[in-house]
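See below for the structure under consideration.
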Amino acid sequence: MSLLQLYGYARCSTCRDAKRTLTEAGADVQFHDIVASPPDAATIRRWLQCSGRPIEDFVNTRGTVYRQRDLKRAQFSEDEWIMELTRDGRLLKRPILETPDGDVYVGYHEGAYRRIAMGGGD
């Protein structure tokens with residue numbers, strides 16, 4: 001299988017579990033720390049297009065930054081959310097897995113990750 005792109009936070013135990021699941025199943029994984037280097041707007045737009053999911057599915061509503069900034073009340077457009085996500089990677093739901101075929105998965109589900117790592121998709 002080709003290289004999988006995994007976007008997450010290096011200090012997040014779920015992201016570490018996701019990477020471990022993929023590598024133990026034999027996948028080659030390139031890890032991107034979204035806190036150290038948040039993705040650009042073009043990357044986020046590609047994820048939206050490839051996943052078919054709304055921007056809200058990419059927002060970490062359980063995170064500290066979301067709660068501290070009281071973003072539950074925010075009435076942001078898609079473009080405004082994208083701008084917020086490029087400014088602070090902690091606002092991104094994680095992990096995000098991108099396959100060479102362009103499939104994008106948000107969140108960690110061990111069984112699905114194993115199937116993806118073994119080339120079976122989800």
Side-chain angles (χ1 to χ4, degrees):
M1 165 167 250
S2 299
L3 189 64
L4 296 171
Q5 304 297 319
L6 183 65
Y7 296 82
Y9 181 29
R11 294 178 56 193
C12 168
S13 61
T14 302
C15 295
R16 291 192 305 265
D17 289 347
K19 184 177 181 190
R20 184 174 30 256
T21 296
L22 293 169
T23 56
E24 285 177 357
D28 291 325
V29 180
Q30 182 173 12
F31 185 80
H32 304 270
D33 189 325
I34 59 176
V35 174
S37 182
D40 61 19
T43 299
I44 296 171
R45 288 185 196 288
R46 183 179 72 242
W47 292 342
L48 291 170
Q49 182 178 15
C50 291
S51 70
R53 297 173 77 166
I55 189 68
E56 292 80 10
D57 287 359
F58 288 85
V59 177
N60 180 7
T61 58
R62 296 173 59 190
T64 306
V65 173
Y66 183 86
R67 290 192 314 268
Q68 284 176 342
R69 292 185 50 200
D70 198 21
L71 293 175
K72 185 176 188 174
R73 300 174 190 265
Q75 298 293 316
F76 291 155
S77 67
E78 182 176 285
D79 287 339
E80 289 168 324
W81 269 121
I82 289 171
M83 191 58 73
E84 291 296 321
L85 297 175
T86 63
R87 285 189 195 132
D88 190 340
R90 294 174 298 172
L91 281 172
L92 270 165
K93 188 169 185 178
R94 56 189 186 257
I96 297 171
L97 178 63
E98 188 173 9
T99 70
D101 296 334
D103 294 325
V104 174
Y105 302 89
V106 182
Y108 172 56
H109 303 285
E110 184 177 353
Y113 270 45
R114 285 193 190 289
R115 286 190 297 279
I116 293 163
M118 293 186 284
D122 154 74

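All of these numbers come straight from a predicted model, not from anything done at the bench. We're numbering straight along the sequence, starting at 1. For the numbers below, each heavy atom of this structure counts, side chains included, while hydrogens, waters and symmetry mates do not.
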Distance, nearest 0.5 Å, that separates [atom1] of [X] from [atom2] of [Y]:
X     : Y      : atom1 : atom2 : value
Leu97 : Ser51  : CG    : OG    : 12.0 Å
Asn60 : Leu91  : CG    : CG    : 7.5 Å
Ile44 : Glu84  : CD1   : CD    : 10.5 Å
Lys19 : Gln30  : NZ    : CD    : 10.0 Å
Glu24 : Arg114 : CD    : CZ    : 6.5 Å

Among Arg67, Gln68, Arg73, which one satisfies side-chain hydrogen bond (donor to acceptor under 3.5 Å, both in side chains) with Asp70? Arg73
Cluster overlap [X] with [Y], hydrophobic side-chain contacts below 4.5 Å:
X      : Y     : answer
Ile34  : Leu6  : no
Ile116 : Phe31 : yes
Ile96  : Met83 : no

Pair Leu85-Ile55, side chain to side chain contact (heavy atoms under 4.5 Å, CB included): steps then yes or no: CA-CA 10 Å; Leu85 297 175; Ile55 189 68; 3.8 Å; yes
Where do Val106 and Trp47 land on the side chain to side chain contact (heavy atoms under 4.5 Å, CB included) test, with the steps shown first? CA-CA 9 Å; Val106 182; Trp47 292 342; over 6 Å; no
Do you know which two heavy atoms are closest between Asp33 and Ala10, and how far apart they sit? OD2-CB, 3.2 Å
Taking the inter-plane angle between the rings of Tyr66 and Trp81 on a 0 to 90° scale, is it parallel (under 30°), tilted (30 to 60°) or perpendicular (over 60°)? parallel
Can any side-chain N or O of Thr23 pair as donor or acceptor with the backbone N or O of Arg20 at less than 3.5 Å? yes
Within the distance-only criterion (no hydrogens, no angle test), does the side chain of Asp88 pair as donor or acceptor with the backbone N or O of Arg90 below 3.5 angstrom? yes
Step by step, would you call Arg11 with Val35 a side chain to side chain contact (heavy atoms under 4.5 Å, CB included)? CA-CA 10 Å; Arg11 294 178 56 193; Val35 174; over 6 Å; no
Checking side-chain hydrogen bond (donor to acceptor under 3.5 Å, both in side chains) for the pair Thr14/Asp17: CA distance, chi angles, key distance, verdict? CA-CA 5 Å; Thr14 302; Asp17 289 347; 5.4 Å; no
Between Thr61 and Lys72, does a side chain to side chain contact (heavy atoms under 4.5 Å, CB included) hold up when you go through it step by step? CA-CA 8 Å; Thr61 58; Lys72 185 176 188 174; over 6 Å; no
Closer than 4.0 angstrom, basic N to acidic O: yes or no for Arg45 and Asp79? yes
Please walk me through it: do Tyr7 and Thr43 pass side-chain hydrogen bond (donor to acceptor under 3.5 Å, both in side chains)? CA-CA 11 Å; Tyr7 296 82; Thr43 299; 5.5 Å; no
